[in-house]
Visitor: 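Let me give you the structure first, and then I'll get to my questions.
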Amino acid sequence: MTFHGENLLVGLVALALLPLIGWRIWRGLRDGHLPIYRAHHHRADSRSKFIVLLALHALSFLLIALVAADLLFNLGLREML
């Protein structure tokens with residue numbers, strides 16, 4: 001059993017991650033490179049790898065947004081799974 005305070009804290013941390021991931025996606029679309037740890041993957045080098053990495057970033061953005069919404073607004077998505 002978790003307390004509402006824990007849900008609020010984790011939800012706020014997840015919400016704080018969204019601008020960072022969104023900024024990476026925006027920079028990838030605009031500049032054509034995605035930073036992954038210390039490496040940078042450029043669109044010109046391998047277009048298919050770049051698209052897969054961009055899709056994974058977008059998927060992580062959606063999943064973290066869903067977790068943040070569930071924890072902050074008590075949507076009950078965790079119990080549905």
Side-chain angles (χ1 to χ4, degrees):
M1 181 118 218
T2 60
F3 296 104
H4 186 64
E6 292 174 358
N7 288 345
L8 184 64
L9 179 65
V10 175
L12 289 174
V13 169
L15 190 64
L17 285 176
L18 290 178
L20 297 173
I21 298 171
W23 179 68
R24 279 185 161 205
I25 293 171
W26 175 251
R27 222 171 66 179
L29 290 171
R30 186 189 61 194
D31 298 338
H33 75 277
L34 286 172
I36 305 292
Y37 299 108
R38 293 184 183 198
H40 289 266
H41 296 283
H42 298 277
R43 185 184 311 155
D45 294 341
S46 176
R47 190 162 178 83
S48 60
K49 182 191 267 187
F50 180 81
I51 290 171
V52 167
L53 288 174
L54 193 63
L56 287 174
H57 273 78
L59 182 64
S60 71
F61 182 86
L62 291 175
L63 288 176
I64 291 175
L66 195 67
V67 166
D70 182 36
L71 292 175
L72 292 174
F73 301 120
N74 247 357
L75 300 177
L77 297 175
R78 188 180 345 170
E79 287 82 21
M80 289 175 45
L81 296 176

Visitor: Please answer: with hydrophobic residues joined when any side-chain heavy atoms are less than 4.5 Å apart, are I64 and L20 in the same cluster?
Guide: yes
Visitor: Please determine whether residues L9 and L72 belong to a single hydrophobic cluster, defined as Ile, Leu, Val, Met, Phe, Trp and Tyr linked transitively by side-chain heavy-atom distances below 4.5 Å.
Guide: no
Visitor: Which pairs with one or both residues in residues 51-81 pass ring pair (Phe, Tyr, Trp, His ring centres under 6.0 Å), sequence neighbours excluded?
Guide: none
Visitor: Does CZ in R47 sit with more than 12 non-hydrogen atoms of other residues, nucleotides or ligands closer than 6.0 Å?
Guide: no
Visitor: Do the non-hydrogen side-chain atoms of I36 and H41 ever get within less than 4.5 Å of each other?
Guide: yes
Visitor: Quick one: do V67 and L75 end up in the same hydrophobic cluster if we chain Ile, Leu, Val, Met, Phe, Trp and Tyr together by side-chain heavy atoms under 4.5 Å apart?
Guide: no
Visitor: Is there a path from I51 to L56 through hydrophobic residues (I, L, V, M, F, W, Y) whose side chains come within less than 4.5 Å of each other?
Guide: no
Visitor: How does the hydrophobic cluster around W26 look, that is, which other residues are in it when side-chain heavy atoms under 4.5 Å mark a link?
Guide: none
Visitor: Measure the spacing between CZ of R43 and CG of L53 and express it to the nearest 0.5 Å.
Guide: 12.5 Å
Visitor: What's the shortest heavy-atom distance between P35 and R24, and which atoms?
Guide: O-NH1, 3.0 Å
Visitor: What are the two closest heavy atoms between E79 and G76, and how far apart are they?
Guide: OE1-CA, 3.1 Å
Visitor: Nearest 0.5 angstrom please: L71 CG to N7 CG, how far?
Guide: 5.0 Å
Visitor: Give the cluster check for V13 versus L66: same hydrophobic cluster or not, with ILVMFWY residues linked at side-chain heavy-atom distances below 4.5 Å.
Guide: no
Visitor: Looking only at heavy atoms, what is the nearest atom pair of A68 and G11, with distance?
Guide: CB-O, 3.8 Å
Visitor: Who are the side chain to side chain contact (heavy atoms under 4.5 Å, CB included) partners of L29, not counting sequence neighbours?
Guide: I25, L54
